[in-house]
Amino acid sequence: MSNEAPILEVRNLQMYFPLETGLWSRIAGSKRVVKALDGVNLSVMEGETLGVVGESGCGKSTLARCIVRMYEPTGGEVLYRGKNVLKFGPKEMKEYRRKVQMIFQDPYSSLDPRTTIRNMLSEVLHLHRITSSKQQLEEKMEGLMISVGLDPAQLGRFPHEFSGGQRQRLCVARALAVEPELIIADESVSALDVSIQAQTLNLFEELQKKLGLTMVFISHDLSVVEHISTRVAVMYLGKAVEVSESTELFEDPEHPYTQALISAVPVPDPDVKTNEIILKGDVPTAANIPPGCRFHPRCQSAMPVCSEVEPVLLESRKDHLVACHLIHPVEAPPKPVAPQQVK
Ligand code: SF4
């Protein structure tokens with residue numbers, strides 16, 4: 001990682017959702033919450049692809065939605081080029097929404113079925129005043145179609161006339177229309193079949209190199225994340241537990257959770273023997289996060305201290321951060337002594 005300031009940084013980001021809503025819970029004063037994000041710290045450097053990976057329910061998508069302020073975080077900061085996005089007014093937010101674009105998982109529901117691609121793109125271009133004449137508008141739309149590998153002659157078609165992979169390309173074209181600096185792709189190849197996934201990933205890579213884009217690529221699929229990312233952040237139950245350069249993370253993971261995830265990635269060679277680490281139990285609910293290390297009920301290496309002291313995300317090697325007591329040992333806090341034992 002370079003010494004330059006990050007383009008995007010999240011500091012101690014929290015997103016708590018009330019568990020019970022409605023009149024009765026308000027009368028009863030219920031304060032139970034689901035801690036979807038519980039103090040996430042991450043940074044994204046200009047021009048890189050940060051992969052964010054973790055099991056379903058770990059808070060990856062909530063993180064993306066908090067960054068673009070689809071959700072208003074409960075606490076913490078989102079800094080874009082050093083400025084706190086959570087304090088932006090409407091004018092700054094409009095500019096921020098142009099610079100930071102999101103591509104969603106489902107290309108079917110992301111496009112308005114009643115609008116042609118021409119109308120969809122021209123609406124976005126008009127809204128952000130990207131083009132100033134009819135000719136410029138037409139050239140821009142044709143250029144966008146070509147850049148995502150689609151025929152400009154298809155601009156007059158409706159979304160249902162395209163395949164799933166083509167629709168995701170259209171979502172990419174719409175995101176690129178406003179000349180963004182950062183793209184957040186949330187599970188954006190998960191709904192596609194494998195061959196289309198590969199084509200879409202290659203498209204992301206090509207565009208990133210050509211346009212110098214920065215990307216946050218969110219996925220539950222480690223193979224996809226390994227393929228596309230420069231650095232990877234592993235999330236578990238609302239927190240980042242390991243962050244490292246991609247090759248180093250996949251070759252030498254330090255956190256027991258990352259080790260288990262990587263050991264479960266299928267290898268396409270039947271002769272290669274893998275030592276899959278089977279995690280015990282299910283992912284605990286974010287409404288009832290275990291004390292200490294939130295991974296301790298499932299960790300093979302858990303020690304007594306792990307259920308009492310929460311590990312902090314700290315550097316273990318250069319640019320390699322991990323939150324685990326095995327790597328950064330701490331002492332357990334002294335146990336309180338019962339009054340009758342005190343002499
Ligand atoms: Fe396992 Fe303890 Fe490390 Fe948590 S802190 S991952 S429980 S060894």
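Reckoned from all heavy atoms, side chains included, excluding hydrogens, waters and symmetry mates. Both counts, for ligands and for their atoms, begin at 1 and track the order of listing.
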- request: Find out whether Met303 and Leu326 are in side-chain contact, i.e. whether some heavy atom of one side chain is under 4.5 Å from a heavy atom of the other.
  value: yes
Contact atoms of ligand 1, heavy-atom distance to Leu326 under 4.0 Å: 8 (S)
task: Tell me whether Cys324 has at least one N, O or S atom under 2.8 Å from atom 3 (Fe) of ligand 1.
output: yes
- prompt: Which protein heavy atom lies closest to atom 4 (Fe) of ligand 1, and at what distance to 0.1 Å?
  reply: Cys293 SG, 2.3 Å
- line: Here the atoms of ligand 1 under 4.0 Å from any heavy atom belonging to His255 are 6 (S)
statement: Which of His128, Lys140, Arg98, Lys99 passes side-chain hydrogen bond (donor to acceptor under 3.5 Å, both in side chains) with Glu179? It is Lys140
- prompt: Can you tell me which residue and heavy atom of the protein come closest to atom 5 (S) of ligand 1, and the distance to 0.1 Å?
  reply: His325 N, 3.2 Å
statement: among protein heavy atoms, the one nearest atom 1 (Fe) of ligand 1 is Cys299 SG, 2.4 Å
query: What are the two closest non-hydrogen atoms of Thr116 and Gly156, and how far apart are they?
result: CG2-O, 3.4 Å
- request: Taking His296 for its side chain and Cys293 for its backbone only, find out whether a donor-acceptor pair lies under 3.5 Å.
  value: yes
- prompt: Going by the angle between their ring planes, with limits at 30° and 60°, are Tyr96 and Tyr80 parallel, tilted or perpendicular?
  reply: perpendicular
- prompt: Side chain, backbone, both or neither: which part of Pro256 has a heavy atom under 4.0 Å from ligand 1?
  reply: side chain
field: Residue Cys306 vicinity, atoms of ligand 1 by number, heavy atom under 4.0 Å
entry: 2 (Fe), 5 (S), 7 (S), 8 (S)
message: Which label fits Tyr257 and His255: parallel for a plane angle under 30°, tilted from 30 to 60°, or perpendicular past 60°?
response: perpendicular
